[in-house]
Amino acid sequence: MNTVQTEAIVLTTRDYGESDRLITFHTRSGGRLRGIAKGARRSRKRFANTFEPCSLVELTYKEKKSLIWIEAAKLVEPHLFLRTDIVLWGYAALISEVLLEMVPEGEGQPELFSLTKETLAQLSQDKDPLNVVLLFLLRFQDNMGYLPDLEYCGVCRRELKSSTRWCWNISNGGLVCPEHCLPHENLTVLDLGTLLLIQRCRKLPLNRIWRLRFIHDKRVPLFHGLLDWVRGHIGKDLNSMKLLRQVQSI
């Protein structure tokens with residue numbers, strides 16, 4: 001069995017057997033992985049404080065056909081600030097759930113890992129967490145190949161800059177101009193400024209996207225549109241949204 005060392009973000013932790021833990025990670029080199037930490041519930045030194053959700057760790061594991069065998073985990077960044085604020089923790093839980101539901105197991109995607117790592121760091125320091133989550137969702141969907149073009153009307157091919165008001169059809173993913181917005185369809189109304197920011201978010205280097213700021217009253221419709229788009233792909237609601245609704249963060 002090969003031994004691998006990589007950066008990893010803890011997504012979920014649960015008890016397994018009498019003394020073990022089953023951990024799901026998002027790793028830089030191997031993508032989403034699940035592994036067994038033998039004796040983790042009994043040992044106070046070997047895996048001390050390393051398996052809290054959203055923690056960044058240096059992971060050492062042995063490859064196996066199914067579950068990996070966790071040899072060691074060194075805590076790098078616990079993101080403690082996220083645990084002191086229920087809203088921030090709700091957003092962090094949302095990010096983790098999106099990764100769990102949409103990232104294929106065992107496929108290394110370093111760019112996606114870097115996005116997640118930077119997003120958690122930004123959540124811990126940015127005064128506008130919803131803006132951070134919007135940028136994450138947009139960049140994530142674009143990296144995964146799920147985000148549609150959103151650059152012209154899908155019916156008449158009208159160019160984006162020809163109108164200040166557009167509709168994103170969540171049912172089929174297409175963008176339509178005002179003339180082709182049908183009221184009975186599942187539509188998210190987006191203005192030109194929001195659409196131009198989306199294009200910038202897709203094209204800028206990762207370390208520069210955090211400068212982008214969506215207009216305050218445009219954020220919630222975009223947020224719900226993106227979540228509807230995620231739900232359409234995974235075929236179910238997101239559990240983390242229940243917490244966010246309870247604290248009335250949006």
Side-chain angles (χ1 to χ4, degrees), residues 7-16 21-28 31-35 37 40 47 49-57 59 73 75-105 109 112-144 146-147 206 209-210 214 219-250:
E7 279 189 305
I9 295 167
V10 180
L11 298 180
T12 62
T13 301
R14 67 181 179 87
D15 294 343
Y16 188 82
R21 290 195 186 281
L22 178 63
I23 321 294
T24 303
F25 299 93
H26 184 214
T27 69
R28 182 179 294 280
R32 181 168 61 86
L33 297 174
R34 291 188 304 151
F47 299 115
N49 303 316
T50 57
F51 295 143
E52 293 297 323
C54 297
S55 293
L56 177 67
V57 301
L59 180 68
L75 185 63
V76 177
E77 173 53 66
H79 295 299
L80 292 176
F81 188 70
L82 298 179
R83 308 175 201 281
T84 64
D85 187 299
I86 189 66
V87 176
L88 292 180
W89 189 242
Y91 284 133
L94 172 63
I95 291 166
S96 295
E97 190 173 5
V98 168
L99 293 169
L100 285 166
E101 294 291 345
M102 302 191 73
V103 174
E105 191 168 349
Q109 300 182 56
L112 192 56
F113 177 85
S114 295
L115 171 63
T116 306
K117 180 180 176 180
E118 287 203 22
T119 300
L120 292 175
Q122 289 294 324
L123 273 180
S124 296
Q125 64 188 28
D126 199 298
K127 295 181 179 180
D128 192 350
L130 179 55
N131 194 77
V132 173
V133 175
L134 285 174
L135 293 170
F136 166 81
L137 290 171
L138 288 165
R139 191 74 170 218
F140 174 84
Q141 295 289 336
D142 189 47
N143 286 348
M144 295 291 292
Y146 291 132
L147 193 65
L206 178 59
I209 69 170
W210 312 111
F214 292 96
R219 296 172 185 177
V220 171
L222 177 59
F223 181 66
H224 285 294
L226 287 168
L227 291 182
D228 284 344
W229 188 240
V230 169
R231 281 191 289 265
H233 284 287
I234 67 176
K236 60 181 180 180
D237 202 358
L238 294 163
N239 292 326
S240 52
M241 281 303 300
K242 298 176 183 178
L243 172 62
L244 288 171
R245 293 189 188 105
Q246 288 174 355
V247 298
Q248 299 180 344
S249 64
I250 56 174

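Taking the side chain as every heavy atom from C-beta outward, T50 and L59 never approach each other to under 4.5 Å. Residues M102 and Q141 meet the side-chain proximity criterion, which asks for heavy atoms closer than 4.5 Å. Side-chain atoms of K117 and R28, non-hydrogen and from C-beta on, do get closer than 4.5 Å to each other. The shortest distance between side-chain heavy atoms of L137 and L227 falls below 4.5 Å. Using a 4.5 Å cut-off on side-chain heavy atoms (C-beta onward), L94 and L244 make contact.
Taking the six-membered ring for Trp and thresholds of 30 and 60 degrees, F140 and F136 have nearly parallel ring planes, at less than 30 degrees apart. Relative ring orientation between Y91 and F223 is described as perpendicular, the plane-to-plane angle rising above 60° on a 0-90° scale split at 30° and 60°.
L147 contributes atom CG, which lies 11.5 Å from atom CZ of R139 (distance to the nearest 0.5 angstrom). Separation of atoms OG1 (T12) and CG (L99) is listed at 11.0 Å; rounding is to 0.5 Å. For the atom pair T27 OG1 and Q109 CD, the distance stands at 10.0 Å (nearest 0.5 Å). In this structure, the separation between CZ on R219 and CG on N131 is 4.5 Å, given to the nearest 0.5 Å. Within the model, atoms CD of E118 and CD1 of I209 stand 7.5 Å from one another, a figure rounded to the nearest 0.5 Å. Within the model, atoms CE of M144 and CG of L115 stand 11.5 Å from one another, a figure rounded to the nearest 0.5 Å.
Although no hydrogens or angles enter the test, the distance criterion places no donor-acceptor pair under 3.5 Å between the side chain of E101 and the main chain of I234. Remark: the backbone N or O of P78 is paired with a side-chain donor or acceptor of R83 at under 3.5 angstrom.
D126 pairs by the side chain to side chain contact (heavy atoms under 4.5 Å, CB included) definition with Q122, D128, V132, R213, not counting sequence neighbours. Remark: F25 pairs with no residue by the ring pair (Phe, Tyr, Trp, His ring centres under 6.0 Å) rule, at least two apart or across chains. Judged as a ring pair (Phe, Tyr, Trp, His ring centres under 6.0 Å), and not counting sequence neighbours, W89 has no contacts.
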Output, in order, the C-alpha distance, side-chain angles, deciding distance and verdict of salt bridge (charged side-chain N to carboxylate O under 4.0 Å, His left out) for D228 and R231.
CA-CA 5 Å; D228 284 344; R231 281 191 289 265; 2.2 Å; yes
Between R32 and T24, does the side chain to side chain contact (heavy atoms under 4.5 Å, CB included) criterion hold? Intermediate values first, please.
CA-CA 7 Å; R32 181 168 61 86; T24 303; 4.0 Å; yes
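Annotation: D15, atom CG; neighbour count of heavy atoms from other residues, nucleotides and ligands within 6.0 Å is above 12.
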